[in-house]
Amino acid sequence: MIPKGRLIIIGGHEDKGIEGENLTVIKRKNASNKDHFEILSELISKIPRSHHVIEIITTASSIPEEMEDTYRKAYKNAGFTKVNFIRIENIMEANKDEYIQRIKFCHAVFFTGGDQSSLISILTGTNVLIEIKQKYLMDEHFIVAGTSAGAMAIPETIIEGGIIREALMKDDIKIGPGFNFIDDIIVDTHFIKRGRFARLCHAVALHPTLLGIGLGEDTALIISNGNEAKCMGSGMVIIIDGSQITKTNVTQVTSDNQIIIENLKVHIIAEGSNFLIKERKIST
């Protein structure tokens, strides 16, 4: 079934960096410098309704109060006054009728950054997530968005964690199940700043049917019809295609040997670019 709603996956910005995992990023001159609040607000402001309600789910965050204050101020500056927060901390809360009703009447759901494994373990299979998925499938004006960990959780298959070092080794990455709003991609965020290119290559080599999406900070892909992706923001998106891999030892390698991969295909897109996920190509 082709979903009627849209997905927005955002590379993050507000999360604190991980020690030893940050590169210096110099933004290009005349960059649009749109943050994820602006990216979402540009879309939701076009929804033909008098009041636009955004529900922000802070489950992934270890600092939900601080996160709520930051988001409330940012959305207010962007012109949105109906911004609510759903702080779900356990599975029981994720089945509350109150939250389900709030999802039914909102125009966008936004998953914050933090810990994607915690987010998924709490929400998977719950009534709140079921309602979000149903609305995404059926409502052409509905938006599901996520930044950082919230973006990484959106596909069917996700990167749960991993070690970044100078060589790819067998146990350096952990792959697991995600929310399954889309099943064609696997996402990594903070991609440029935290030097995660090799990690995403590793993920794609393990799952070559999936398209690897590496999102720079303050950069997003807006996905319509489950396939048509448009890039927005100040950075770039790296897309890794493993469908033409001709040689790799990724499934046979021992813990003592390095992984090799031959014939990965890489695309780079930037603001205004369009990419067809299923066809695996840039579109005009």
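In what follows, residues are counted from 1 in the order of the sequence shown.
- Counting only heavy atoms from C-beta outward, the side chains of M1 and M138 approach each other to under 4.5 Å.
- I186 contributes atom CD1, which lies 4.5 Å from atom CD1 of I159 (distance to the nearest 0.5 angstrom).
- Across every non-hydrogen atom of I91 and I122, the tightest pair is CG1-O, 3.5 Å.
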- Step-by-step side-chain contact (heavy atoms from CB on, under 4.5 Å) determination, F110 to I57: CA-CA 6 Å; F110 190 99; I57 297 178; over 6 Å; no
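- No single ILVMFWY cluster, assembled from side-chain heavy atoms under 4.5 Å apart, contains both L206 and M169.
- Atom OG1 of T59 and atom CD of E89 lie 8.0 Å apart (nearest 0.5 Å).
- Proximity of I259 to H202: side-chain heavy atoms (C-beta onward) are separated by under 4.5 Å at one or more points.
- In the hydrophobic clustering of this structure, I120 does not group with I130; members are Ile, Leu, Val, Met, Phe, Trp, Tyr whose side-chain heavy atoms approach within less than 4.5 Å, directly or through other members.
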- Message: Between E93 and R87, is the salt bridge (Lys or Arg N to Asp or Glu O under 4.0 Å) condition met? List the steps.
- Response: CA-CA 9 Å; E93 292 177 350; R87 191 189 301 179; over 6 Å; no
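- No side-chain donor-acceptor contact under 3.5 Å links R72 to the backbone of N84.
- Residues I277 and I223 are in side-chain contact: their nearest non-hydrogen atoms beyond the backbone lie under 4.5 Å apart.
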- Verify side-chain contact (heavy atoms from CB on, under 4.5 Å) between S243 and R280, making sure each step is shown before the conclusion. CA-CA 10 Å; S243 63; R280 300 189 173 217; 3.6 Å; yes
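- Looking at M232 and I222, their side chains come closer than 4.5 Å, going by heavy atoms from C-beta outward.
- Residues V187 and P155 come closest through the heavy atom pair CG2-CG, 3.7 Å.
- The closest side-chain heavy-atom distance from L215 to D188 is not below 4.5 Å.
- Side-chain atoms of S121 come within 3.5 Å of backbone atoms of S118 as a donor-acceptor pair (strictly under, hydrogens ignored).
- In this structure, the separation between CD1 on I103 and CD1 on I132 is 4.0 Å, given to the nearest 0.5 Å.
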- Task: Report the C-alpha separation of T157 and H207 in whole Å, then their side-chain angles, then the decisive distance to 0.1 Å, and conclude whether the side-chain hydrogen bond (donor to acceptor under 3.5 Å, both in side chains) test is met.
- Result: CA-CA 9 Å; T157 305; H207 298 273; 5.4 Å; no
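- You'll find the ring centres of F275 and H267 inside the 6.0 Å limit.
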- Task: Could you please spell out the steps behind the side-chain hydrogen bond (donor to acceptor under 3.5 Å, both in side chains) verdict for D256 and T254?
- Result: CA-CA 5 Å; D256 298 326; T254 66; 4.9 Å; no
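- Between F111 and L119 the shortest side-chain heavy-atom distance falls below 4.5 Å.
- A donor-acceptor pair is defined here as one N or O able to donate and one able to accept, closer than 3.5 Å; no such pair exists between the side chain of S148 and the backbone of G150.
- Annotation: E98, atom CD; neighbour count of heavy atoms from other residues, nucleotides and ligands within 6.0 Å is above 12.
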- salt bridge (Lys or Arg N to Asp or Glu O under 4.0 Å) between D139 and K4: does it pass, once the steps are laid out? CA-CA 6 Å; D139 187 344; K4 294 181 179 179; over 6 Å; no
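- Between Y136 and F181, the two ring planes are perpendicular [angle over 60°; tilted spans 30° to 60°].
- Under the 4.5 Å side-chain heavy-atom criterion for Ile, Leu, Val, Met, Phe, Trp and Tyr, I261 and I163 are members of distinct hydrophobic clusters.
- A distance of 13.5 Å separates CD in E131 from CZ in R102, rounded to the nearest 0.5 Å.
- A 6.0 Å sphere centred on NZ of K133 holds more than 12 heavy atoms belonging to other residues, nucleotides or ligands.
- The shortest heavy-atom contact between I10 and T189 is O-CG2, 3.7 Å.
- Salt bridge annotation for D184-K278: present, with a cationic side-chain nitrogen under 4.0 angstrom from a carboxylate oxygen.
- The backbone N or O of K265 lies less than 3.5 Å from no partner atom in the side chain of D241, so there is not a single donor-acceptor pair.
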- Show your working on side-chain contact (heavy atoms from CB on, under 4.5 Å) between I86 and I56 and close with a plain yes or no. CA-CA 6 Å; I86 299 178; I56 299 176; over 6 Å; no
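- Counting heavy atoms from C-beta outward, H190 and R196 have side chains that approach closer than 4.5 Å.
- Both cation-pi conditions hold for K96 and Y99: the charged atom is under 6.0 angstrom from the six-membered ring centre and inside a 45 degree cone around its axis.
- With hydrogens and angles ignored, the 3.5 Å screen pairs a side-chain donor or acceptor of T219 with a backbone N or O of E217.
- A pairwise comparison of heavy atoms in G114 and A149 identifies O-CB, 3.3 Å as the closest pair.
- By the 4.0 Å N-to-carboxylate-O rule, E160 lies close enough to K174 to be salt-bridged with it.
- At least one donor-acceptor pair under 3.5 Å links the side chain of N263 to the backbone N or O of Q244.
- Cluster annotation: V266 and V237 are assigned to the same hydrophobic cluster (Ile/Leu/Val/Met/Phe/Trp/Tyr, side-chain heavy-atom contacts under 4.5 Å, transitive).
- Minimum interatomic distance between I158 and M152 (heavy atoms only, all atoms of both residues): CG2-O, 2.9 Å.
- Under the 4.5 Å side-chain contact rule for hydrophobic residues, L276 and L7 do not share a cluster.
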- Message: Run T58 and E68 through side-chain contact (heavy atoms from CB on, under 4.5 Å) and show every step you take.
- Response: CA-CA 8 Å; T58 61; E68 287 176 17; 4.1 Å; yes
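- Between atom CD1 of residue I240 and atom CG of residue L200 there is a gap of 4.0 Å, rounded to the nearest 0.5 Å.
- V204 is listed as a side-chain neighbour of L264, based on a closest heavy-atom distance under 4.5 Å.
- Taking OG from S224 and CD1 from I2, the interatomic distance works out to 12.0 Å, rounded to the nearest 0.5 Å.
- Of all heavy-atom pairs spanning M236 and I268, the tightest one is SD-CG2, 3.8 Å.
- Side-chain atoms of N249 come within 3.5 Å of backbone N or O of I260 as a donor-acceptor pair.
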